[in-house]
Amino acid sequence: MASTSAEIIAFLLTISGWVLVSSTLPTDYWKVSTIDGTVITTATFWANLWKTCVTDSTGVSNCKDFPSMLALDGYIQACRGLMISAVCLGFFGAVFGLVGMKCTKVGGSDQTKAKIACLAGLIFILSGLCSMTSCSLYANRITSEFFDPSFVAQKYELGAALFIGWAGASLCIIGGIIFCFSIAENSNSARRGYAYNGATSVMSSRTKVHNSVPDKSPPKHFDKNAYV
C-alpha cells in the first residue's frame, strides 16, 4: 500500500512538472527589460525562444519572429532542442508511468511493472535535466550580458518563464526519483514473501510426510505377567 501511494504521488508530481515544462516553451517572457519614464513605463522589451517584442505604454505589442533558424545564436538553438526534448521525454515518461503503476491493470506481473515504473522515473529525470539545463543556459546568457560593462546593447533580466521551467524540472526530477525507488521496494517485498512462503512450505511438507507415513512397527505381544 505504501508503494502504491508513493507511485501515485510520484505520478502527480511528474505530470505537474511536465505540464509546467510544456507551458514554458511557448511562454513570452523568457527575458524582459523596461524603459521607465517619469510617471509610467514607456516600453517593455521581451523575448522568448521564437520571437522578440516590444510593448508600449498603451499595451500595443510589435513582435518580430526570428528570421532563420540557422542564423540564430547557438544558445537559442540549444535551448530550443533541450526544451522540445524535455516535452517529448515527459510524454513517454507519462505513458510508461501509467503502465508501471500498481494501481493499473496493464503491464504484467508486479516485478515487470516495477521495472517499467523505474524506466519511467529515469525518463522523467532526464526530461527534468533537459529543462533545467535549457533554462540555466538561457539565464546564464542573460546574467553574463547584464553584468558585462562592455556590452552596450539592450540588457535584459530573467523572465517568469525561466522560473516556471525550473519549478517544472524540479518536480519531474523529484517524481522520477520516487518512481525509481519503487523497484527497490518491490524487490524487498518479493524477497520477504519468498522466504516466508518457503518456510511455510517446508513445515507443511514435513507435516504431510509425517502424517502420510503409516505405522509399520510390529504389534506388541504381552505375556501373562503383563496383566498381573
Side-chain angles (χ1 to χ4, degrees), residues 11-95 97 123-176:
F11 185 76
L12 293 177
L13 288 175
T14 51
I15 290 299
S16 300
W18 177 57
V19 170
L20 290 177
V21 170
S22 301
S23 64
T24 303
L25 189 59
T27 302
D28 293 333
Y29 295 98
W30 277 65
K31 60 182 181 180
V32 61
S33 179
T34 58
I35 298 178
D36 298 328
T38 56
V39 179
I40 61 175
T41 300
T42 57
T44 301
F45 296 88
W46 51 273
N48 56 13
L49 298 178
W50 313 102
K51 60 186 176 180
T52 179
C53 301
V54 58
T55 304
D56 58 18
S57 59
T58 61
V60 178
S61 298
N62 295 317
C63 296
K64 178 182 179 182
D65 295 332
F66 294 137
S68 173
M69 184 181 68
L70 300 178
L72 289 175
D73 294 333
Y75 79 98
I76 296 181
Q77 294 182 7
C79 290
R80 279 184 179 182
L82 288 171
M83 290 302 297
I84 294 173
S85 299
V87 174
C88 295
L89 288 171
F91 172 77
F92 289 109
V95 174
I123 293 175
F124 273 118
I125 291 174
L126 186 59
S127 174
L129 291 176
C130 288
S131 176
M132 187 167 290
T133 303
S134 175
C135 295
S136 299
L137 180 62
Y138 200 92
N140 179 68
R141 182 60 179 260
I142 295 173
T143 54
S144 61
E145 291 179 353
F146 186 85
F147 292 106
D148 187 5
S150 61
F151 187 76
V152 296
Q154 182 70 34
K155 294 185 177 182
Y156 291 87
E157 296 182 0
L158 303 180
L162 297 178
F163 298 98
I164 298 174
W166 281 324
S170 301
L171 291 177
C172 287
I173 293 173
I174 294 173

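Note that the coordinates shown come from a computational prediction; the quantities given were computed from them, not determined experimentally.
- Nearest heavy-atom pair, A43 versus V54, reported as atom, atom and distance to 0.1 Å: CB-CG2, 4.2 Å.
- Taken from CG in L158 to CZ in F146, the straight-line distance is 9.5 Å, to the nearest 0.5 Å.
- Between the side chain of S131 and the backbone N or O of G128, no donor-acceptor pair lies under 3.5 Å.
- Closest approach of S23 and L20 over heavy atoms only: OG-O, 2.8 Å.
- A donor-acceptor distance shorter than 3.5 angstrom exists from the side chain of W50 to the backbone of L25, with no hydrogens or angles considered.
- The side-chain heavy atoms of F124 and L89, taken from C-beta on, include no pair separated by under 4.5 Å.
- Nearest heavy atoms, D65 versus K51: OD1-CB, 3.4 Å.
- Taken from CD in E145 to OG in S150, the straight-line distance is 10.5 Å, to the nearest 0.5 Å.
- Looking at every heavy atom in both residues, T24 comes nearest to W30 through O-NE1, 3.1 Å.
- Between the side chain of K31 and the main chain of A47, no donor-acceptor pair closer than 3.5 Å is present.
- Within a 6.0 Å radius of CD in Q154, other residues, nucleotides and ligands contribute more than 12 heavy atoms.
- Summarising the local packing, CZ of F91 is surrounded by 12 or fewer heavy atoms from other residues, nucleotides or ligands at distances under 6.0 Å.
- Between the side chain of S127 and the main chain of I123, no donor-acceptor pair closer than 3.5 Å is present.
- Relative ring orientation between Y75 and Y138 is described as tilted, the plane-to-plane angle lying within the 30° to 60° band.
- For the atom pair CE (M132) and CG (L137), the distance works out to 14.0 Å, reported to the nearest 0.5 Å.
- Listed by chain and residue number, C53 satisfy the disulfide bond (SG atoms under 2.5 Å apart) test with C63 (two or more places apart in sequence, or in another chain).
- Taking every heavy atom of both residues into account, L13 and G175 meet most closely at CB-CA, 4.2 Å.
- Closest approach of L49 to I76, counting heavy atoms only: O-CG2, 3.9 Å.
- A donor-acceptor pair is defined here as one N or O able to donate and one able to accept, closer than 3.5 Å; no such pair exists between the side chain of S33 and the backbone of Y156.
- Checked against side chain to side chain donor-acceptor pair (under 3.5 Å), T143 has no partners two or more places apart in sequence or in another chain.
- Here the CZ-CG distance, from R80 to N48, works out to 8.5 Å after rounding to the nearest 0.5 Å.
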Give the table of side-chain donor-acceptor pairs shorter than 3.5 Å for residues 162-174, with sequence neighbours excluded, one pair per line with atom names and distance.
| unit_1 | atom_1 | unit_2 | atom_2 | d |
| --- | --- | --- | --- | --- |
| W166 | NE1 | S136 | OG | 3.3 |
| S170 | OG | W166 | O | 2.9 |

